[in-house]
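These notes concern the structure reproduced below.
Just so you know, these numbers come straight off a predicted model, no measurement behind them. Just follow the structure's listing: the first ligand is 1, and inside any ligand the first atom is 1.
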Amino acid sequence: MGKLEGKVALITGAGSGIGRASALLFAKEGAKVVVADFVPQGGHETVKIIKEAGGEALFVEVNVSKSPEVQRMIQSVLDAYGRLDIVFNNAGIQGKFIMTADLSEEAWNSIIATNLTGAFLGSKYAIQAMLKQGGGVIINTASTAGLIGLPGMPAYSASKAGIIQLTKVMALEYADKNIRVNCICPGGIVTPLSRITADPATLKPEDFPPYRHVKAMPRFGDPEEVARTALYLASDDSSFVTGTVAVVDGGMSAGVAKMPPKKQG
Ligand SMILES: NC(=O)c1ccc[n+]([C@@H]2O[C@H](COP(=O)([O-])OP(=O)(O)OC[C@H]3O[C@@H](n4cnc5c(N)ncnc54)[C@H](O)[C@@H]3O)[C@@H](O)[C@H]2O)c1
């Protein structure tokens, strides 16, 4: 029996990367998966892969930054399956590397709206449904950028730090209502968003971005490695875990970027 047998899971940004890997894993573990994304092609492709493997899934088109669309998305899940056990607010955008003084307000607002407001709206309307049915699980995708400062990513970092705090607040607010809320901080995962395309097997230390700790794992991560953490947080394996920040970054955010110079003699 799968770890999510009989559960209904909604995953945003499931048309690509971490969201798709999680959708495939959740379906393999027995969940009925609602694949939500604002790019229909990727979303339909994820559904197709799940169905070909014998799982159950459907696609819902959504822009997670728009309240009416998020409400419609939650209602679509309830209409299709009658309940909503797991919501993985994972959709996100990174934007270009631009220093704060040069970042337009438009770019700032767009990143905050998708990443932070998207997680808020997805949680708000999911919690309303979960309160009626007596419980549920929420997982939000934050980032190592929400834990350490990454120059050139002010809006992205602020949005992800905001998601971490939002997660903690919601975990406390609904701990006595059988709703667990946790977040994941991925870092250096090979997806279109991270623009990491090099073959991890051939990478040398100098290929890593300057913020990478030189002693961190000398490779990038696979979306499946984040999906396995999401599965842990979605399943009863984490039944006493709420308000936590699960870091999945090969050690990238664990310390300083450079080793101290060696002593002479
Ligand atoms: N890849 C990494 O190294 C990394 C590191 C830290 C955090 N993350 C986070 O992981 C999450 C998933 O990213 P990924 O790396 O899999 O990237 P990805 O680009 O492969 O997937 C993101 C998905 O989100 C969808 N999306 C974007 N804006 C949307 C919106 N407004 N409404 C609905 N869907 C939308 C995209 O269409 C895409 O399918 C993001 O929140 C990202 O910030 C990724």
Ser110 and Glu106: side chain donor to acceptor below 3.5 Å: no
Enumerated ligand 1 atoms positioned under 4.0 Å from heavy atoms of Thr141: 9 (C), 10 (O), 11 (C), 41 (O)
Enumerated ligand 1 atoms positioned under 4.0 Å from heavy atoms of Val62: 32 (N), 33 (C)
Region of Ile18 that comes within reach of ligand 1 [heavy atoms, distance under 4.0 Å]: both
Nearest candidate to atom 25 (C) of ligand 1, where distance is taken over non-hydrogen atoms, out of Ile184, Asp37, Val70: Asp37
Test item, Gly42 contacting ligand 1 (heavy atom, 4.0 angstrom): no
Min side-chain heavy-atom separation Asp222-Val190 under 4.5 Å: no
Val245/Lys168 under side-chain contact (heavy atoms from CB on, under 4.5 Å): CA gap, chis, key distance, verdict: CA-CA 9 Å; Val245 181; Lys168 291 181 181 184; 4.0 Å; yes
Trace of the salt bridge (Lys or Arg N to Asp or Glu O under 4.0 Å) decision for Arg219 with Glu225: CA-CA 13 Å; Arg219 67 175 178 87; Glu225 295 180 287; 2.8 Å; yes
Flag, side chain of Arg83 to backbone of Gln133, donor-acceptor distance under 3.5 Å: no
Donor + acceptor pair across side chains of Thr144, Asp249 (<3.5 Å): no
The one among Phe88, Phe220, Tyr156 that brings a heavy atom closest to atom 8 (N) of ligand 1: Tyr156
Residue pair Val62, Phe38: steps toward the side-chain contact (heavy atoms from CB on, under 4.5 Å) verdict: CA-CA 5 Å; Val62 69; Phe38 76 167; 5.7 Å; no
Expected output: side-chain Glu69 to main-chain Asn63 donor-acceptor under 3.5 Å: yes
Numbered atoms and elements of ligand 1 in range of Ile93, under 4.0 angstrom, heavy atoms: 27 (C), 28 (N)
Test item, Gly118 contacting ligand 1 (heavy atom, 4.0 angstrom): no
Distance from atom 17 (O) of ligand 1 to nearest protein heavy atom, with residue and atom: Leu193 CB, 3.0 Å
Atoms in ligand 1 flagged as close to Gly17, the criterion being non-hydrogen separation under 4.0 Å: 16 (O), 20 (O)
Minimum-distance protein heavy atom relative to atom 3 (O) of ligand 1: Ile189 N, 2.8 Å
Donor + acceptor pair across side chains of Ser123, Asn89 (<3.5 Å): yes
Interfacing atoms of ligand 1 (cut-off 4.0 Å, heavy-atom, Val39): 37 (O)
CD/Glu105: more than 12 non-hydrogen atoms of other groups inside 6.0 Å: no
Closest approach of any protein heavy atom to atom 5 (C) of ligand 1, naming residue and atom: Pro186 O, 3.5 Å
Nearest protein heavy atom with distance in Å, relative to atom 32 (N) of ligand 1: Val64 N, 3.0 Å
Check: Ser16 N/O within less than 3.5 Å of ligand 1 N/O: yes
Under 3.5 Å side-chain donor-acceptor pair for Tyr174 and Thr242: no
Closest non-hydrogen atom pair between Ala91 and Thr12, with its separation: N-OG1, 3.0 Å
Sub-4.0 Å heavy-atom contact, Ala14 with ligand 1: no
Lys160 and ligand 1 - part of the residue with a heavy-atom distance under 4.0 Å: side chain
Contact check, Arg20 vs ligand 1, heavy-atom distance below 4.0 Å: no
Rounded distance (nearest 0.5 Å) linking atom CD of Glu52 with atom CD1 of Ile50: 11.0 Å
Protein heavy atom at shortest distance from atom 31 (N) of ligand 1: Asn63 OD1, 2.9 Å
Contact atoms of ligand 1, heavy-atom distance to Ala142 under 4.0 Å: 7 (C)
Residue, atom name and distance, where the atom is the protein heavy atom closest to atom 40 (C) of ligand 1: Asn90 O, 3.2 Å
Atom 26 (N) of ligand 1 [closest protein heavy-atom partner, distance rounded to 0.1 Å]: Phe38 CE2, 3.7 Å
Nearest non-hydrogen protein atom, atom 22 (C) of ligand 1: Gly92 O, 4.0 Å
Where ligand 1 meets Gly188 - atom numbers and elements under 4.0 angstrom, heavy-atom basis: 3 (O)
Ala14 to Asp37 - nearest heavy-atom pair and separation: N-OD2, 3.5 Å
